[in-house]
Amino acid sequence: MFALKLDTVDSRRGKEAGVIIAIDGPSGAGKSTLAKRLARQLGYIYLDSGAMYRALALKLLRQGVDLTDDARMAEIVESTAIDLRESDGKLVVLLDGGDVAGEIRTPEVSQMASKSSALKVVRARLLELQRAVGKRGSVVAEGRDIGTVVFPQAEVKIFLDASTRERARRRYEELCAAGRPVAFDETLRELEERDKRDSERDLAPLCQADDALRIDSSNVDADAVAALVLDLVKNRAREINKIGVGFHG
Ligand code: DC
């Protein structure tokens, strides 16, 4: 069974539920940086939906599962536990009880997450878990289909984008900094491949919700993007009289 532990989540919530902030966009657009920052400043739950897809992908790779084997896929989805938690401000990704946060950012896992996330059996289960987290609001969720499918009712929707080259450059630097040197051209090629697959799949493809604000972060630094979105959240919360949007510096 998949399980998402909500104890840490509940302890972080104030008495009043705040809004849901949906951040979608392609890889390397700066979604994680923005989402983590907003969650910290607002005292909200940070829901990294990609980390869930990645954790499952890691298991599929470890077990050499054939994605076209429907029965095996259903069995794996049913028998895998994925928990997201937070420890000392860091995201802990528990796969069947073990923290795999340090293993899910490799190019192999990225590609497998992109491939397996196109499958109905995978999306259905993860969707259920993601919605459970959003039930009482006060969530910053990032992914590909948050504003379109997971939380179409989200009060604030951002579609964060950047040029393909800039996104590849960021991904390349991240991998190098993590001690995983790669060729830039290879990073660019893999990113383009993943963009194409994520946006052309039949189920919940990457696309901008009609009511999302599109921000191009190619030439804007993370501080400026965060300041812009925080303002937007404040205004939106005021507009709809939503309490629980506190700021924690
Ligand atoms: O955001 P990320 O790069 O960690 O996501 C890894 C893959 O997971 C991405 O290529 C597609 C899939 N994904 C998805 O299909 N839907 C989401 N909401 C989040 C991620």
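Order of appearance sets the numbers: ligands from 1, and atoms from 1 within every ligand. These values consider heavy atoms only, across backbone and side chains, with no hydrogens, waters or symmetry-generated copies.
Pocket lining of ligand 1, defined as residues with a non-hydrogen atom under 4.0 Å away: S49, G50, Y53, R54, R105, A113, S114, S117, R123, G143, R144, D145, R194, D198, R201.
For the residue pair E142 / Y46, a side-chain donor-acceptor distance below 3.5 Å is found, with atom types taken as modelled. Checked by atom type, the side-chain pair R170/T33 shows no donor-acceptor distance below 3.5 Å. Between S114 and R197, the side chains place a donor N or O and an acceptor N or O closer than 3.5 Å (distance only, hydrogens not considered).
Residues D223 and R37 are paired through a salt bridge, judged by an N-O separation under 4.0 Å between the basic side chain and the carboxylate.
Not a single donor-acceptor pair under 3.5 Å links the side chain of S116 to the backbone N or O of A57.
A227 is linked by a side-chain contact (heavy atoms from CB on, under 4.5 Å) to nothing, counting only residues two or more places apart in sequence or in another chain.
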